[in-house]
Amino acid sequence: MTTSPVPGPAGARIALPPLAVAERLEVVPRWDEEVAYQSWRPQILAPSTWRPAAPPRVFAVVNQKGGAGKTTSTVELGAALAAAGLRVRLVDADPQEAALTAWLRPQYPGEGERWSLRSVFFDECTLAQATYPTRFEGLDLVPSGLDLARVEYERPIGAEQALAAALAQEVEEPDGPGWDVTIVDSAPSLSLVTVAALTGADEVIVPLKVGGLDMKGMASLHRTIRHVQRKTNPKLRVGAVLLTAWDKSGFARQLAAKVAEDYPEAAVIPVRRSVRAAEAPIAEQPIRLYAPESTAAADYDQAAGLLVAVGGEAR
Ligand SMILES: Nc1ncnc2c1ncn2[C@@H]1O[C@H](COP(=O)(O)OP(=O)(O)OP(=O)(O)O)[C@@H](O)[C@H]1O
Ligand SMILES: [Mg+2]
């Protein structure tokens with residue numbers, strides 16, 4: 001296993017190449033309930049009117065269940081879109097041991113203040129000032145550390161709206177926002193920061209690990225999303241439910257049917273289980289670079305193309 005960063009010319013960012021031809025999952029408007037699960041293939045469920053969204057676009061990756069695949073989905077969707085030539089910014093909105101920040105290490109300048117998402121909540125800097133390049137071309141990062149938890153207990157004025165306001169300010173800039181896509185990786189809780197992410201986003205992405213499902217948790221996530229839609233962000237839509245670490249099972253299919261019912265507007269996308277997914281963060285690389293042949297890399301690549309139009313037809 002590679003544990004050291006990919007070498008590149010000094011100071012140069014590492015390019016994220018397109019994947020070699022990968023097996024694509026079939027996209028269907030509904031699953032055939034009659035097929036025995038043994039012969040069932042993973043399929044993407046997308047409403048027949050489905051179109052990828054046009055950039056600029058802001059996604060919040062949310063599920064209060066721990067280990068659902070939020071951070072993995074954030075990195076891989078971001079890396080896939082960067083590989084397609086978009087300017088992508090990832091936002092670490094999880095104060096616990098900084099998983100996203102540790103995976104993609106921001107490249108701080110040699111001197112000066114180091115801003116983070118916390119600084120944005122406390123109005124110390126803009127979101128753009130808190131954005132740093134990673135080692136990967138087209139992929140930038142707003143880092144976080146344990147001090148992001150201060151937002152929860154100090155509750156700065158307007159915290160719920162802080163991300164929405166910071167993003168709106170960028171749209172007002174003469175050249176528009178500097179990023180085509182922003183993806184916010186949330187903590188495993190429906191905290192103030194998570195609500196702020198939902199309030200600032202155009203779309204929610206819900207990763208669900210089939211084996212770790214908890215129906216009560218699903219119901220409270222559903223309530224929170226609908227609540228944000230009513231109170232703070234009427235434009236919010238649920239873009240996709242990602243069934244992470246997907247394995248063929250009768251339960252996987254029941255789960256897929258349940259989420260399709262809960263979120264009829266969303267695409268339901270399986271991301272197949274791959275051991276390489278757990279190794280990539282240790283190697284500090286996106287899965288698509290670390291293991292371009294893996295099913296997880298291919299499935300996230302396809303999911304990214306369904307969510308965001310890259311020069312093609314948009315919704
Ligand atoms: N497609 C996959 N196949 C196999 N393992 C996966 C897959 N996707 C994610 N995992 C693994 O599942 C674990 C949890 O993933 P991840 O850290 O992305 O979840 P999370 O929702 O961000 O967790 P937390 O709630 O702690 O922030 C990790 O070990 C990750 O490598
Ligand atoms: Mg995480």
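When a ligand or atom number is given, it counts from 1 through the structure's own listing order. Here the structure is a predicted model, which is why all the values come from computation and not from measurement.
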Sub-4.0 Å atoms of ligand 1 with respect to non-hydrogen atoms of Asp94: 27 (O)
Candidates Val238, Leu45, Leu242, Leu208 - the one meeting side chain to side chain contact (heavy atoms under 4.5 Å, CB included) with Val259: Leu208
Ligand-residue contact atoms, ligand 1 with Gly66, heavy atoms, under 4.0 Å: 25 (O)
Distance-only polar pair, side chains of Gln64 and Thr194, donor-acceptor under 3.5 Å: no
Non-hydrogen side-chain atoms of Leu192 and Phe121 separated by less than 4.5 Å: no
Top protein contact for atom 20 (P) of ligand 1, by heavy-atom distance: Lys70 N, 3.4 Å
Distance filter under 4.0 Å to Pro188 heavy atoms, resulting ligand 1 atoms: 25 (O)
Protein contact of atom 26 (O) of ligand 1 - nearest heavy atom, named by residue and atom, plus distance: Gln96 NE2, 3.1 Å
Contact check: Ala296 vs ligand 1, nitrogen or oxygen atoms, below 3.5 angstrom: no
For Ala278, the ligand 1 atoms whose distance to one of its heavy atoms is below 4.0 Å: 31 (O)
Arg272-ligand 1 polar pair, N/O distance under 3.5 Å: yes
Contact atoms of ligand 1, heavy-atom distance to Lys209 under 4.0 Å: 10 (N), 11 (C), 12 (O), 13 (C), 14 (C)
Any N or O of Gly69 closer than 3.5 Å to N or O of ligand 1: yes
Name of the residue among Val184, Val62, Leu77, Asn63 meeting side chain to side chain contact (heavy atoms under 4.5 Å, CB included) with Ile205: Leu77
Where Tyr132 and Pro143 come nearest, the two heavy atoms and their spacing: CD1-CD, 3.7 Å
Under 3.5 Å donor-acceptor, Arg13 side chain and Leu139 backbone: yes
Cationic N near anionic O, under 4.0 Å, Lys231 to Glu160: no
Identity and separation of the nearest protein heavy atom to atom 8 (N) of ligand 1: Thr72 CG2, 3.9 Å
Lys/Arg N to Asp/Glu carboxylate O, Arg226 vs Glu265, below 4.0 Å: yes
Heavy-atom donor-acceptor pair, Arg288 side chain to Pro17 backbone, under 3.5 Å: yes
Asp94 side chain vs Leu100 backbone, donor-acceptor pair below 3.5 Å: no
Option set Ser274, Ala68, Ser186, criterion heavy-atom distance to atom 3 (N) of ligand 1, minimum: Ser274
Numbered atoms and elements of ligand 1 in range of Thr71, under 4.0 angstrom, heavy atoms: 18 (O), 20 (P), 22 (O)
Under-4.0 Å protein heavy-atom contact, atom 28 (C) of ligand 1: no
Any N/O pair Asp185/ligand 1 closer than 3.5 Å: no
For Phe136 against Leu289, the heavy-atom pair lying closest together: CE2-CD2, 3.6 Å
Polar protein atoms (N, O or S) that approach the Mg ion (ligand 2) to under 2.8 Å: Thr71 OG1
Pair Glu279 + Arg276: basic N to acidic O under 4.0 Å: yes
Nearest non-hydrogen protein atom, atom 6 (C) of ligand 1: Ala277 CB, 3.7 Å
Same cluster (ILVMFWY, side-chain, under 4.5 Å), Leu104 and Val142: no
Minimal non-hydrogen separation, Pro264 against Pro47, with atom names: O-CG, 3.8 Å
Contacting atoms of ligand 1, where contact means under 4.0 angstrom from a heavy atom of Gly67: 14 (C), 19 (O), 20 (P), 21 (O), 23 (O), 24 (P), 25 (O), 26 (O)
